[in-house]
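Encoded as C-alpha coordinates, the structure appears first; notes follow it.
Throughout, numbering of the chain's residues begins at 1 and tracks the sequence. Keep in mind that the numbers below use all heavy atoms, side chains included, and drop hydrogens, waters and symmetry copies. From a predicted model like this one, the values you see are computed outputs, not experimental measurements.
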Amino acid sequence: MRPKKTAAGVVVVVPVLLLALVSLSLVSSALVAQGTGERTKVQGISDAGKAALTQQMNAAVARGDTPGLVEIVVNREGVLYEGAAGKFDVAKNIPMPTNAIFVIASMTKPVTSVAIMMLLEEGKLKLDDPVSKYLTGYDNLQVITTFNEQDATYETRPAKRAMTIRHLLTHTSGLGYAFTNPIEYKLTQATKKPEWELPLLNDPGEKWNYSASTRVLGFIVEKVTGAGLEAWYQEHIFKPLGMVDTSFAVAADKQSRIPTNHSRFTGAMVEAPRTPIPSTPTPPFRGDGGLYSTAQDYGLFVRMLLNGGTLGSAKILTAKSVRMMGDNHIGNIFVEQQPDADKQRTKPFPLGAGHDKFGLGFQIASNDERYAKFRSPGSMSWAGIFNTEFWVDPVKHIGAVHMLQVLLFYDDGAIRTLRDFEEIVYRELR
(Lines give C-alpha, C1' and ligand atoms only; values in the text may rest on other atoms or scores of the structure.)
Protein backbone atom coordinates (compact mmCIF):
# COMPACT_ATOMS: atom_id res chain seq x y z
CA MET A 1 0.00 0.00 0.00
CA ARG A 2 1.03 3.59 -0.49
CA PRO A 3 1.31 5.72 2.66
CA LYS A 4 -1.72 7.93 3.24
CA LYS A 5 -1.18 11.66 3.25
CA THR A 6 -2.24 11.89 6.87
CA ALA A 7 -0.11 12.00 9.94
CA ALA A 8 -1.62 8.78 11.26
CA GLY A 9 -1.05 6.95 7.99
CA VAL A 10 2.56 8.03 7.75
CA VAL A 11 3.30 6.95 11.32
CA VAL A 12 2.03 3.46 10.58
CA VAL A 13 3.47 2.89 7.13
CA VAL A 14 6.79 4.69 6.95
CA PRO A 15 8.71 2.31 9.27
CA VAL A 16 7.61 -0.59 7.10
CA LEU A 17 8.75 1.22 4.01
CA LEU A 18 12.09 2.05 5.58
CA LEU A 19 12.63 -1.56 6.55
CA ALA A 20 11.77 -2.62 3.02
CA LEU A 21 14.20 -0.14 1.51
CA VAL A 22 16.99 -1.24 3.86
CA SER A 23 16.24 -4.88 3.08
CA LEU A 24 16.45 -4.27 -0.65
CA SER A 25 19.72 -2.38 -0.28
CA LEU A 26 21.25 -5.13 1.83
CA VAL A 27 20.13 -7.86 -0.52
CA SER A 28 21.45 -6.06 -3.59
CA SER A 29 24.89 -5.88 -1.98
CA ALA A 30 25.13 -9.63 -2.43
CA LEU A 31 25.48 -8.98 -6.14
CA VAL A 32 29.01 -7.75 -5.56
CA ALA A 33 30.27 -10.71 -3.54
CA GLN A 34 32.67 -11.51 -6.38
CA GLY A 35 33.99 -7.96 -6.37
CA THR A 36 34.66 -8.00 -2.61
CA GLY A 37 36.31 -11.40 -2.60
CA GLU A 38 33.48 -13.05 -0.68
CA ARG A 39 32.49 -16.48 -2.02
CA THR A 40 29.85 -18.95 -1.03
CA LYS A 41 29.51 -22.63 -1.81
CA VAL A 42 28.91 -23.20 -5.52
CA GLN A 43 25.25 -23.99 -6.14
CA GLY A 44 24.28 -27.02 -8.18
CA ILE A 45 21.30 -28.97 -9.46
CA SER A 46 21.23 -32.74 -9.06
CA ASP A 47 20.55 -35.16 -11.91
CA ALA A 48 17.08 -35.68 -10.47
CA GLY A 49 16.56 -31.92 -10.43
CA LYS A 50 17.65 -31.63 -14.04
CA ALA A 51 15.23 -34.39 -14.95
CA ALA A 52 12.47 -32.48 -13.15
CA LEU A 53 13.25 -29.34 -15.14
CA THR A 54 13.17 -31.27 -18.40
CA GLN A 55 9.85 -32.80 -17.39
CA GLN A 56 8.54 -29.33 -16.55
CA MET A 57 9.31 -28.12 -20.06
CA ASN A 58 7.77 -31.18 -21.68
CA ALA A 59 4.65 -30.76 -19.54
CA ALA A 60 4.32 -27.12 -20.62
CA VAL A 61 4.39 -28.19 -24.26
CA ALA A 62 1.95 -31.06 -23.64
CA ARG A 63 -0.51 -28.64 -21.93
CA GLY A 64 -0.35 -26.32 -24.90
CA ASP A 65 1.16 -23.50 -22.84
CA THR A 66 3.85 -23.02 -25.49
CA PRO A 67 4.82 -24.85 -28.68
CA GLY A 68 8.49 -24.79 -27.68
CA LEU A 69 10.96 -23.24 -25.26
CA VAL A 70 14.55 -23.09 -24.07
CA GLU A 71 15.62 -22.67 -20.43
CA ILE A 72 18.99 -22.16 -18.81
CA VAL A 73 20.10 -21.80 -15.17
CA VAL A 74 23.48 -20.29 -14.36
CA ASN A 75 25.60 -19.36 -11.38
CA ARG A 76 28.73 -17.24 -11.22
CA GLU A 77 30.94 -20.07 -12.45
CA GLY A 78 28.91 -21.48 -15.33
CA VAL A 79 25.79 -23.31 -16.51
CA LEU A 80 23.85 -25.43 -14.01
CA TYR A 81 21.14 -26.56 -16.41
CA GLU A 82 20.25 -26.12 -20.05
CA GLY A 83 17.39 -27.67 -21.95
CA ALA A 84 14.88 -27.33 -24.76
CA ALA A 85 11.48 -28.86 -25.46
CA GLY A 86 8.73 -28.77 -28.05
CA LYS A 87 8.89 -27.51 -31.58
CA PHE A 88 11.06 -24.91 -33.25
CA ASP A 89 8.67 -24.96 -36.23
CA VAL A 90 5.35 -26.70 -35.64
CA ALA A 91 4.25 -26.87 -39.26
CA LYS A 92 7.52 -28.50 -40.29
CA ASN A 93 7.75 -30.64 -37.12
CA ILE A 94 11.26 -29.40 -36.28
CA PRO A 95 12.38 -29.90 -32.64
CA MET A 96 13.48 -26.86 -30.61
CA PRO A 97 17.31 -26.65 -30.33
CA THR A 98 19.02 -25.15 -27.30
CA ASN A 99 20.85 -22.64 -29.53
CA ALA A 100 17.68 -21.17 -31.04
CA ILE A 101 17.87 -17.42 -31.69
CA PHE A 102 14.91 -15.54 -30.19
CA VAL A 103 13.43 -12.08 -30.59
CA ILE A 104 14.13 -10.80 -27.08
CA ALA A 105 12.36 -7.43 -27.51
CA SER A 106 12.45 -5.56 -24.18
CA MET A 107 15.21 -7.76 -22.79
CA THR A 108 17.22 -5.26 -24.86
CA LYS A 109 16.48 -2.70 -22.13
CA PRO A 110 18.89 -4.08 -19.49
CA VAL A 111 21.68 -4.01 -22.09
CA THR A 112 21.00 -0.33 -22.74
CA SER A 113 20.85 0.35 -19.00
CA VAL A 114 24.25 -1.33 -18.56
CA ALA A 115 25.61 0.84 -21.38
CA ILE A 116 24.41 3.97 -19.58
CA MET A 117 26.14 2.82 -16.39
CA MET A 118 29.36 2.23 -18.34
CA LEU A 119 29.21 5.81 -19.62
CA LEU A 120 28.53 6.98 -16.06
CA GLU A 121 31.70 5.23 -14.90
CA GLU A 122 33.64 6.92 -17.68
CA GLY A 123 32.43 10.31 -16.46
CA LYS A 124 30.54 11.01 -19.68
CA LEU A 125 27.19 11.55 -17.98
CA LYS A 126 25.55 11.71 -14.56
CA LEU A 127 22.36 10.07 -13.32
CA ASP A 128 20.73 13.38 -12.43
CA ASP A 129 21.70 15.15 -15.63
CA PRO A 130 18.63 16.53 -17.42
CA VAL A 131 17.83 14.73 -20.64
CA SER A 132 17.80 18.12 -22.34
CA LYS A 133 21.58 18.29 -21.84
CA TYR A 134 21.95 15.60 -24.49
CA LEU A 135 18.80 15.72 -26.63
CA THR A 136 16.69 18.50 -28.10
CA GLY A 137 12.98 18.68 -27.39
CA TYR A 138 13.18 17.88 -23.66
CA ASP A 139 13.64 21.37 -22.18
CA ASN A 140 10.01 22.55 -22.04
CA LEU A 141 8.12 19.41 -21.11
CA GLN A 142 4.34 19.48 -20.72
CA VAL A 143 2.16 17.22 -18.55
CA ILE A 144 -1.35 16.19 -19.59
CA THR A 145 -3.97 17.51 -17.14
CA THR A 146 -7.19 16.58 -18.95
CA PHE A 147 -7.81 14.08 -21.74
CA ASN A 148 -10.89 13.56 -23.91
CA GLU A 149 -11.14 9.88 -24.78
CA GLN A 150 -13.62 10.55 -27.58
CA ASP A 151 -11.43 12.72 -29.79
CA ALA A 152 -7.98 12.43 -28.08
CA THR A 153 -7.80 16.15 -27.35
CA TYR A 154 -6.08 17.26 -24.16
CA GLU A 155 -4.85 20.13 -22.03
CA THR A 156 -1.42 20.45 -20.46
CA ARG A 157 0.65 22.37 -17.94
CA PRO A 158 4.43 22.77 -17.60
CA ALA A 159 6.21 19.89 -15.86
CA LYS A 160 7.26 20.59 -12.28
CA ARG A 161 10.82 19.39 -12.86
CA ALA A 162 13.23 18.33 -15.58
CA MET A 163 13.36 14.75 -16.81
CA THR A 164 16.68 13.13 -15.87
CA ILE A 165 18.64 10.06 -16.88
CA ARG A 166 17.68 8.50 -13.53
CA HIS A 167 14.00 8.99 -14.38
CA LEU A 168 14.54 7.19 -17.69
CA LEU A 169 16.36 4.26 -16.05
CA THR A 170 13.57 3.80 -13.51
CA HIS A 171 10.57 4.33 -15.82
CA THR A 172 9.46 7.33 -13.77
CA SER A 173 10.08 9.80 -16.61
CA GLY A 174 6.41 10.51 -17.27
CA LEU A 175 6.57 8.76 -20.64
CA GLY A 176 4.39 5.77 -21.44
CA TYR A 177 3.84 3.01 -23.98
CA ALA A 178 0.87 2.88 -26.32
CA PHE A 179 0.34 -0.86 -25.96
CA THR A 180 -0.15 -0.61 -22.20
CA ASN A 181 -1.48 2.90 -21.53
CA PRO A 182 -4.95 3.91 -22.82
CA ILE A 183 -4.05 7.60 -23.22
CA GLU A 184 -0.85 6.84 -25.11
CA TYR A 185 -2.70 4.30 -27.24
CA LYS A 186 -5.23 6.88 -28.38
CA LEU A 187 -2.66 9.67 -28.75
CA THR A 188 -0.28 7.67 -30.93
CA GLN A 189 -3.17 6.73 -33.20
CA ALA A 190 -4.51 10.29 -33.39
CA THR A 191 -1.18 12.12 -33.78
CA LYS A 192 0.96 9.43 -35.47
CA LYS A 193 3.74 10.48 -33.11
CA PRO A 194 5.88 8.08 -31.06
CA GLU A 195 5.47 8.04 -27.30
CA TRP A 196 8.68 9.96 -26.58
CA GLU A 197 7.39 12.94 -28.58
CA LEU A 198 4.08 13.18 -26.71
CA PRO A 199 3.27 15.22 -23.57
CA LEU A 200 4.03 13.46 -20.31
CA LEU A 201 1.47 11.41 -18.41
CA ASN A 202 2.75 12.75 -15.09
CA ASP A 203 5.61 14.77 -13.63
CA PRO A 204 9.00 13.05 -13.75
CA GLY A 205 9.73 11.11 -10.57
CA GLU A 206 6.15 10.84 -9.34
CA LYS A 207 4.78 7.62 -10.84
CA TRP A 208 6.00 4.35 -12.34
CA ASN A 209 4.82 3.76 -15.91
CA TYR A 210 6.34 1.15 -18.21
CA SER A 211 7.49 3.27 -21.08
CA ALA A 212 9.66 4.19 -24.01
CA SER A 213 12.16 5.66 -21.53
CA THR A 214 14.85 3.19 -22.57
CA ARG A 215 14.36 4.20 -26.21
CA VAL A 216 15.43 7.69 -25.12
CA LEU A 217 18.40 6.21 -23.23
CA GLY A 218 19.45 4.59 -26.50
CA PHE A 219 19.41 8.02 -28.15
CA ILE A 220 21.65 9.28 -25.35
CA VAL A 221 24.11 6.40 -25.75
CA GLU A 222 24.43 7.18 -29.45
CA LYS A 223 24.75 10.93 -28.79
CA VAL A 224 27.44 10.54 -26.13
CA THR A 225 29.48 7.86 -27.90
CA GLY A 226 29.03 9.06 -31.47
CA ALA A 227 28.39 5.45 -32.49
CA GLY A 228 25.35 3.39 -33.39
CA LEU A 229 24.03 1.03 -30.73
CA GLU A 230 24.93 -2.10 -32.70
CA ALA A 231 28.60 -1.19 -33.09
CA TRP A 232 28.96 0.11 -29.54
CA TYR A 233 27.20 -2.84 -27.91
CA GLN A 234 29.24 -5.32 -29.95
CA GLU A 235 32.56 -3.70 -29.06
CA HIS A 236 31.92 -2.93 -25.41
CA ILE A 237 29.45 -5.60 -24.22
CA PHE A 238 28.71 -8.52 -26.57
CA LYS A 239 32.19 -9.40 -27.83
CA PRO A 240 33.91 -9.06 -24.42
CA LEU A 241 31.26 -11.37 -22.89
CA GLY A 242 31.34 -13.85 -25.77
CA MET A 243 27.73 -13.14 -26.79
CA VAL A 244 28.34 -14.27 -30.37
CA ASP A 245 24.68 -14.67 -31.35
CA THR A 246 23.34 -11.33 -30.03
CA SER A 247 22.70 -8.49 -32.46
CA PHE A 248 20.08 -6.22 -34.00
CA ALA A 249 20.14 -8.61 -36.99
CA VAL A 250 20.66 -12.31 -37.63
CA ALA A 251 23.37 -13.28 -40.11
CA ALA A 252 22.17 -15.22 -43.14
CA ASP A 253 24.00 -18.38 -42.03
CA LYS A 254 22.20 -18.26 -38.64
CA GLN A 255 18.65 -17.57 -39.79
CA SER A 256 17.80 -21.26 -39.79
CA ARG A 257 17.99 -21.05 -35.97
CA ILE A 258 15.08 -18.56 -35.59
CA PRO A 259 11.91 -20.26 -34.27
CA THR A 260 8.43 -19.33 -35.45
CA ASN A 261 6.24 -16.97 -33.44
CA HIS A 262 2.85 -17.97 -32.05
CA SER A 263 -0.16 -16.07 -30.74
CA ARG A 264 -3.14 -16.99 -28.62
CA PHE A 265 -5.74 -14.25 -29.01
CA THR A 266 -8.91 -16.37 -28.99
CA GLY A 267 -7.80 -19.45 -27.06
CA ALA A 268 -6.16 -21.43 -29.87
CA MET A 269 -2.40 -21.24 -30.44
CA VAL A 270 -1.71 -19.98 -33.97
CA GLU A 271 1.67 -20.22 -35.67
CA ALA A 272 2.51 -17.02 -37.56
CA PRO A 273 3.94 -17.15 -41.08
CA ARG A 274 7.64 -16.43 -41.19
CA THR A 275 8.54 -12.86 -42.05
CA PRO A 276 11.89 -11.50 -43.30
CA ILE A 277 14.53 -10.94 -40.61
CA PRO A 278 17.35 -8.45 -41.30
CA SER A 279 20.67 -10.19 -41.95
CA THR A 280 22.67 -6.95 -41.66
CA PRO A 281 22.27 -4.50 -38.75
CA THR A 282 20.67 -1.37 -40.16
CA PRO A 283 19.85 1.80 -38.22
CA PRO A 284 17.85 3.19 -36.58
CA PHE A 285 18.58 0.96 -33.60
CA ARG A 286 16.36 0.91 -30.53
CA GLY A 287 17.52 1.12 -26.94
CA ASP A 288 14.28 -0.48 -25.77
CA GLY A 289 14.03 -3.43 -28.15
CA GLY A 290 15.12 -5.06 -31.35
CA LEU A 291 17.84 -7.47 -30.24
CA TYR A 292 18.01 -11.14 -31.17
CA SER A 293 19.76 -13.51 -28.77
CA THR A 294 20.00 -17.03 -27.40
CA ALA A 295 19.49 -18.37 -23.90
CA GLN A 296 23.23 -19.13 -23.75
CA ASP A 297 24.22 -15.59 -24.73
CA TYR A 298 21.84 -13.93 -22.30
CA GLY A 299 23.05 -16.34 -19.64
CA LEU A 300 26.51 -14.81 -20.07
CA PHE A 301 25.03 -11.35 -19.53
CA VAL A 302 23.30 -12.63 -16.36
CA ARG A 303 26.55 -14.20 -15.12
CA MET A 304 28.34 -10.89 -15.61
CA LEU A 305 25.83 -9.26 -13.27
CA LEU A 306 26.14 -12.11 -10.75
CA ASN A 307 29.90 -11.58 -10.76
CA GLY A 308 29.66 -7.87 -9.95
CA GLY A 309 30.20 -6.61 -13.49
CA THR A 310 32.91 -8.99 -14.66
CA LEU A 311 33.06 -12.31 -16.49
CA GLY A 312 36.41 -13.98 -16.93
CA SER A 313 38.79 -11.33 -18.24
CA ALA A 314 35.95 -9.04 -19.33
CA LYS A 315 35.22 -6.10 -17.05
CA ILE A 316 31.97 -4.45 -18.06
CA LEU A 317 31.05 -2.59 -14.85
CA THR A 318 32.38 -2.07 -11.38
CA ALA A 319 30.78 -3.90 -8.48
CA LYS A 320 29.56 -0.54 -7.19
CA SER A 321 27.60 0.11 -10.38
CA VAL A 322 25.98 -3.33 -10.33
CA ARG A 323 25.01 -2.76 -6.71
CA MET A 324 23.47 0.59 -7.66
CA MET A 325 21.45 -1.03 -10.41
CA GLY A 326 19.96 -3.46 -7.89
CA ASP A 327 19.04 -0.80 -5.32
CA ASN A 328 15.60 0.80 -5.04
CA HIS A 329 15.66 4.08 -6.98
CA ILE A 330 11.94 4.93 -6.90
CA GLY A 331 11.59 5.69 -3.20
CA ASN A 332 8.10 5.27 -1.77
CA ILE A 333 6.35 4.49 -5.04
CA PHE A 334 5.93 0.98 -6.44
CA VAL A 335 5.90 -0.83 -9.73
CA GLU A 336 2.25 -0.60 -10.78
CA GLN A 337 0.13 -3.01 -12.78
CA GLN A 338 0.04 -1.92 -16.40
CA PRO A 339 -3.28 -2.28 -18.28
CA ASP A 340 -3.91 -4.08 -21.57
CA ALA A 341 -4.52 -1.02 -23.74
CA ASP A 342 -3.65 -3.02 -26.87
CA LYS A 343 -5.41 -6.32 -26.37
CA GLN A 344 -3.65 -7.82 -29.39
CA ARG A 345 -0.30 -7.51 -27.64
CA THR A 346 -0.61 -7.86 -23.89
CA LYS A 347 -2.51 -8.80 -20.78
CA PRO A 348 -2.09 -6.74 -17.58
CA PHE A 349 1.41 -7.07 -16.09
CA PRO A 350 3.88 -7.48 -14.32
CA LEU A 351 4.21 -10.03 -11.54
CA GLY A 352 5.05 -8.14 -8.35
CA ALA A 353 2.93 -5.11 -9.23
CA GLY A 354 1.98 -3.14 -6.13
CA HIS A 355 4.89 -4.58 -4.15
CA ASP A 356 8.10 -4.50 -6.16
CA LYS A 357 10.52 -1.63 -6.61
CA PHE A 358 12.62 -0.59 -9.59
CA GLY A 359 16.34 -0.07 -9.80
CA LEU A 360 18.45 1.30 -12.63
CA GLY A 361 16.99 -0.75 -15.46
CA PHE A 362 15.63 -3.70 -13.47
CA GLN A 363 12.52 -4.65 -11.52
CA ILE A 364 13.51 -5.53 -7.95
CA ALA A 365 11.60 -8.34 -6.20
CA SER A 366 10.05 -7.47 -2.85
CA ASN A 367 10.08 -9.55 0.31
CA ASP A 368 6.64 -11.14 -0.04
CA GLU A 369 5.97 -14.37 1.85
CA ARG A 370 3.44 -15.45 -0.79
CA TYR A 371 6.32 -15.87 -3.23
CA ALA A 372 8.83 -17.52 -0.90
CA LYS A 373 9.24 -20.52 -3.21
CA PHE A 374 10.33 -18.30 -6.10
CA ARG A 375 13.25 -15.89 -6.67
CA SER A 376 14.77 -14.21 -3.62
CA PRO A 377 13.91 -10.68 -2.48
CA GLY A 378 16.25 -8.27 -4.23
CA SER A 379 16.34 -10.30 -7.44
CA MET A 380 16.68 -8.23 -10.63
CA SER A 381 14.55 -9.05 -13.65
CA TRP A 382 12.71 -8.01 -16.77
CA ALA A 383 11.10 -9.60 -19.82
CA GLY A 384 10.33 -9.30 -23.53
CA ILE A 385 6.90 -9.03 -25.12
CA PHE A 386 7.10 -12.53 -26.64
CA ASN A 387 7.37 -13.90 -23.07
CA THR A 388 11.13 -14.17 -22.89
CA GLU A 389 12.14 -13.75 -19.24
CA PHE A 390 15.22 -13.62 -17.03
CA TRP A 391 16.13 -13.01 -13.42
CA VAL A 392 19.33 -12.47 -11.41
CA ASP A 393 19.20 -13.69 -7.79
CA PRO A 394 21.89 -12.05 -5.61
CA VAL A 395 21.01 -14.16 -2.54
CA LYS A 396 21.26 -17.63 -4.07
CA HIS A 397 23.87 -16.42 -6.57
CA ILE A 398 22.03 -17.86 -9.54
CA GLY A 399 20.22 -16.54 -12.58
CA ALA A 400 17.94 -17.98 -15.22
CA VAL A 401 16.80 -17.31 -18.76
CA HIS A 402 13.46 -18.56 -20.08
CA MET A 403 12.85 -18.24 -23.82
CA LEU A 404 9.67 -18.71 -25.86
CA GLN A 405 7.92 -16.81 -28.65
CA VAL A 406 4.27 -16.39 -27.75
CA LEU A 407 1.83 -13.48 -27.71
CA LEU A 408 -0.02 -12.16 -25.76
CA PHE A 409 2.55 -10.81 -23.31
CA TYR A 410 1.72 -12.37 -19.93
CA ASP A 411 -0.29 -15.09 -21.63
CA ASP A 412 -1.64 -17.37 -18.88
CA GLY A 413 0.19 -20.41 -20.21
CA ALA A 414 3.46 -18.52 -20.58
CA ILE A 415 3.34 -17.25 -17.00
CA ARG A 416 2.37 -20.69 -15.67
CA THR A 417 5.39 -22.15 -17.49
CA LEU A 418 7.68 -19.46 -16.05
CA ARG A 419 6.48 -19.96 -12.48
CA ASP A 420 6.71 -23.76 -12.74
CA PHE A 421 10.29 -23.39 -13.99
CA GLU A 422 11.16 -20.99 -11.20
CA GLU A 423 9.62 -23.13 -8.46
CA ILE A 424 11.48 -26.26 -9.56
CA VAL A 425 14.79 -24.38 -9.86
CA TYR A 426 14.64 -23.32 -6.21
CA ARG A 427 13.25 -26.63 -5.00
CA GLU A 428 16.10 -28.56 -6.66
CA LEU A 429 18.94 -26.13 -5.94
CA ARG A 430 21.65 -27.74 -3.81
Checking the side chain of [X] only, and the main-chain atoms of [Y] only, is there a donor and an acceptor separated by less than 3.5 Å?
X	Y	result
Q296	T98	yes
S376	D393	no
E184	L198	no
Y371	P377	no
N209	S211	no
R375	E422	no
T388	A383	no
H329	M324	yes
E121	T318	yes
K192	Q189	yes

Can you tell me how far [atom2] of [Y] sits from [atom1] of [X], rounded to the nearest 0.5 angstrom?
X	Y	atom1	atom2	answer
E71	T417	CD	OG1	8.0 Å
I165	L360	CD1	CG	11.0 Å
Q405	N261	CD	CG	5.0 Å
L311	L306	CG	CG	10.0 Å
D327	F362	CG	CZ	12.5 Å

Do [Y] and [X] have ring centroids that are under 6.0 Å from one another?
X	Y	value
F390	Y298	yes
Y210	F349	yes
F219	W196	yes

Identify the residue among W391, F374, Y81 that makes a ring-ring contact (aromatic ring centres under 6.0 Å, His included) with F421.
->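 By the ring-ring contact (aromatic ring centres under 6.0 Å, His included) criterion, F421 pairs with just one of W391, F374, Y81: W391.
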Are R345 and F409 in a cation-pi contact, defined as NZ or CZ under 6.0 Å from the six-membered ring centre and within 45° of the axis?
->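 Checked: cation-pi criterion not met.
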Contact list for residues 214-225, test side-chain hydrogen bond (donor to acceptor under 3.5 Å, both in side chains), sequence neighbours left out |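 Applying side-chain hydrogen bond (donor to acceptor under 3.5 Å, both in side chains) to every pair that reaches into residues 214-225, excluding sequence neighbours, yields R215-D288.
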Decide yes or no on salt bridge (Lys or Arg N to Asp or Glu O under 4.0 Å) for E336 and K207, but give the supporting numbers first.
-> CA-CA 9 Å; E336 296 187 19; K207 184 180 175 66; 2.8 Å; yes
Salt bridge (Lys or Arg N to Asp or Glu O under 4.0 Å) between D412 and K347: does it pass, once the steps are laid out?
-> CA-CA 9 Å; D412 291 346; K347 289 192 170 185; 3.3 Å; yes
In plain terms, say whether K92 and E271 are close enough for a salt bridge, that is, a side-chain N and a carboxylate O under 4.0 Å apart.
->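 Answer for the salt bridge query: no.
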Side chains of M269 and V406: does their closest heavy-atom pair fall under 4.5 Å?
->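 In contact.
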So do the side chains of V74 and L80 get within less than 4.5 Å of each other, counting heavy atoms only?
->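 A side-chain contact under 4.5 Å is absent here.
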May I ask you to check whether over 12 heavy atoms, not counting those of E122, lie within 6.0 Å of atom CD?
->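 Counting neighbours around CD of E122, more than 12 heavy atoms of other residues, nucleotides or ligands fall under 6.0 Å, so yes.
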With distance as the sole criterion, is a donor-acceptor pair present between the side chains of E389 and S381 under 3.5 Å?
->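 Looking only at side-chain atoms, S381 and E389 do not form any donor-acceptor pair under 3.5 Å.
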Exercise: do D245 and T294 side chains pair donor with acceptor under 3.5 Å =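 The criterion, which ignores hydrogens and geometry beyond distance, is not satisfied for T294 and D245.
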Take D203 and R157 through the test salt bridge (Lys or Arg N to Asp or Glu O under 4.0 Å) and record every step on the way to the result.
-> CA-CA 10 Å; D203 287 297; R157 61 164 172 79; 2.5 Å; yes
Going through the checks in order, is the side chain to side chain contact (heavy atoms under 4.5 Å, CB included) test met by L119 and W232?
-> CA-CA 11 Å; L119 297 175; W232 203 88; 3.9 Å; yes
Check step by step if side chain to side chain donor-acceptor pair (under 3.5 Å) holds for D340 and T346.
-> CA-CA 6 Å; D340 52 348; T346 190; over 6 Å; no
Walk me through it: do K126 and D129 pass the test salt bridge (Lys or Arg N to Asp or Glu O under 4.0 Å)?
-> CA-CA 5 Å; K126 296 178 181 178; D129 280 346; 5.7 Å; no
